[in-house]
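Right, one structure below, let's go through it.
Only heavy atoms go into these numbers, but all of them, side chains included; no hydrogens, no water, no symmetry mates. The first residue of the sequence shown is numbered 1, and numbering continues consecutively from there. Keep in mind it's a predicted model, so treat the numbers as computed, not measured.
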Amino acid sequence: MLTDFGDFSLAGFENADIDEQEVKDADFLRVELPTSADTEILMQQKGFFFADRTLKVSISLGKCPLDLDRCIRLPIMETTDYKEDILRIAQEAFVYDRRFHVAPLCSKKIASAVLKAYVADLEDVLVALFKDKPVGFLALKKASEEALFVHLAAVDEKYRMAGAALALYAFACKLAKEKGYKKLEGRISSQNMAVMNLYAAFGAVFSEPKDVFIKEIGHDA
């Protein structure tokens with residue numbers, strides 16, 4: 001899918017379903033493929049930069065070992081407000097996140113433009129409050145008839161020890177369960193040990209590794 005950000009454009013693909021016209025019009029390419037040593041070598045030969053390895057995460061809501069109510073120690077609200085706070089928290093949290101850093105060499109300006117568009121598209125978002133101040137958020141999307149997907153989530157670093165992340169994920173699990181879903185799913189970077197440990201606390205299963213490759217191209221490509 002080709003997305004125009006004004007000063008640059010990004011073409012994103014999964015499973016090598018690459019549209020040549022979109023490649024021609026893009027400044028940056030982001031391709032996500034199932035993990036394979038052979039694929040990594042092939043993509044590097046094509047001029048791509050290996051950027052990240054991600055994992056599918058799945059929490060079985062019927063087998064979650066935590067007492068969800070006890071984990072929700074901060075007020076959580078579902079709202080369309082606080083977009084500026086959400087963007088600020090996201091910008092501080094996603095310093096090297098390859099969903100937004102689409103250039104081989106990380107560029108704060110480019111990542112900021114991608115992230116702003118990402119946040120602008122969010123609808124209802126779960127927001128954690130500390131003394132009425134937004135300190136974290138979690139956005140959900142429907143993945144299937146059985147699962148909700150954590151589309152984007154981040155917590156202000158100063159409030160992580162206060163349990164904001166645990167509260168948000170517990171609230172998301174409880175909400176998904178109340179709506180009749182059986183799973184809460186996500187996809188995370190294998191480098192993000194803090195989030196991996198958080199998911200593990202909920203009894204999550206990790207599977208389906210994928211590798212992210214990025215490339216900068218000229219307009220004459």
Side-chain angles (χ1 to χ4, degrees), residues 1-57 83-84 86-123 125 137-144 149-154 185-196 206-221:
M1 181 179 68
L2 183 67
T3 306
D4 187 355
F5 294 97
D7 293 335
F8 64 94
S9 57
L10 167 68
F13 305 98
E14 293 186 16
N15 301 322
D17 295 327
I18 297 176
D19 185 294
E20 293 298 329
Q21 181 60 45
E22 291 186 353
V23 169
K24 181 179 179 181
D25 294 338
D27 296 294
F28 299 99
L29 304 183
R30 184 184 186 279
V31 181
E32 193 169 354
L33 300 168
T35 296
S36 164
D38 292 339
T39 299
E40 183 174 346
I41 293 172
L42 179 62
M43 293 299 285
Q44 289 177 345
Q45 289 174 343
K46 292 182 177 181
F48 282 84
F49 170 76
F50 173 80
D52 196 9
R53 178 163 293 162
T54 67
L55 298 168
K56 179 182 177 181
V57 193
K83 281 295 182 73
E84 289 185 5
I86 289 171
L87 179 59
R88 172 185 55 79
I89 293 169
Q91 288 174 329
E92 293 173 356
F94 302 130
V95 179
Y96 302 110
D97 195 302
R98 282 300 183 174
R99 285 172 293 180
F100 316 113
H101 283 278
V102 298
L105 294 177
C106 291
S107 163
K108 187 175 181 179
K109 180 180 179 181
I110 291 172
S112 179
V114 178
L115 185 53
K116 283 180 180 178
Y118 214 89
V119 170
D121 285 341
L122 297 179
E123 296 178 357
V125 180
F137 70 92
L138 188 151
L140 293 167
K141 283 192 173 183
K142 183 177 179 180
S144 67
F149 183 83
V150 178
H151 181 56
L152 192 67
E185 296 180 342
R187 179 159 285 276
I188 63 173
S189 169
S190 60
Q191 301 177 50
N192 194 337
M193 293 305 300
V195 176
M196 289 183 71
F206 301 87
S207 63
E208 299 180 20
K210 290 186 178 182
D211 289 343
V212 178
F213 300 91
I214 56 178
K215 182 179 182 180
E216 183 172 1
I217 60 177
H219 289 290
D220 57 351

message: If you apply the rule side chain to side chain contact (heavy atoms under 4.5 Å, CB included), what do you find for H101 with I110, and how did you get there?
response: CA-CA 7 Å; H101 283 278; I110 291 172; over 6 Å; no

Close side-chain approach of D25 to L2, heavy-atom, < 4.5 Å: yes

- prompt: Passes side chain to side chain contact (heavy atoms under 4.5 Å, CB included), T54 versus E32? Steps please.
  reply: CA-CA 9 Å; T54 67; E32 193 169 354; 3.3 Å; yes

field: Heavy-atom check, side chain of V31 versus side chain of E14, under 4.5 Å
entry: no

message: Is there a side-chain contact between F28 and S9 in this structure, where contact means two heavy atoms from C-beta onward sitting under 4.5 Å apart?
response: no

query: Going by heavy atoms in the side chains, are F137 and I89 under 4.5 Å from each other?
result: yes

Heavy atoms of other groups near F206 CZ, more than 12 under 6.0 Å: yes

query: Does R98 reach the side chain of F49, with side-chain heavy atoms less than 4.5 Å apart?
result: yes

- prompt: Any side-chain heavy-atom pair from M43 and L33 closer than 4.5 angstrom?
  reply: yes

task: Write down the atom of A51, the atom of Q191, and the distance for their closest heavy-atom approach.
output: O-NE2, 4.0 Å

message: What I'd like to find out is whether the side chain of L42 reaches to under 4.5 Å of the side chain of F48, using heavy atoms alone.
response: no

- prompt: Taking the six-membered ring of F149, is the NZ or CZ of K141 close enough (under 6.0 Å from the centre) and on axis enough (within 45°)?
  reply: no

Closest non-hydrogen atom pair between D52 and S189, with its separation: OD1-OG, 2.9 Å

Validation row, ring centre Y118 to ring centre F100 under 6.0 Å: yes

field: Pairwise distance OG(S112) to CG(L87) - rounded to 0.5 angstrom
entry: 6.5 Å

Stepwise side chain to side chain contact (heavy atoms under 4.5 Å, CB included) test for R30 and K215: CA-CA 7 Å; R30 184 184 186 279; K215 182 179 182 180; over 6 Å; no

task: With side chain to side chain contact (heavy atoms under 4.5 Å, CB included) as the test, would you mind laying out the steps for D27 and L10 before giving the verdict?
output: CA-CA 6 Å; D27 296 294; L10 167 68; over 6 Å; no

message: Could you measure the distance from the CD atom of E40 to the CD atom of Q45? Nearest 0.5 Å is fine.
response: 11.0 Å

- prompt: Side-chain donor-acceptor pair under 3.5 Å between D211 and T35, yes or no?
  reply: yes

V114 versus F5, closest heavy-atom pair with distance: CA-CE2, 3.7 Å

query: Less than 4.5 Å apart, any side-chain heavy atom of H151 and any of L140?
result: no

- request: Would you verify whether the NZ or CZ of R99 falls within 45 degrees of the ring axis of F94 while also being under 6.0 Å from that six-membered ring's centre?
  value: yes

- prompt: Going by atom types alone, do R53 and S190 pair a side-chain donor with an acceptor below 3.5 Å?
  reply: no

field: Non-hydrogen atoms of A120 and K83 that approach each other most closely
entry: O-NZ, 3.6 Å

- request: Look at K210 together with E208 and state whether they make a salt bridge at an N to O cut-off of under 4.0 Å.
  value: no

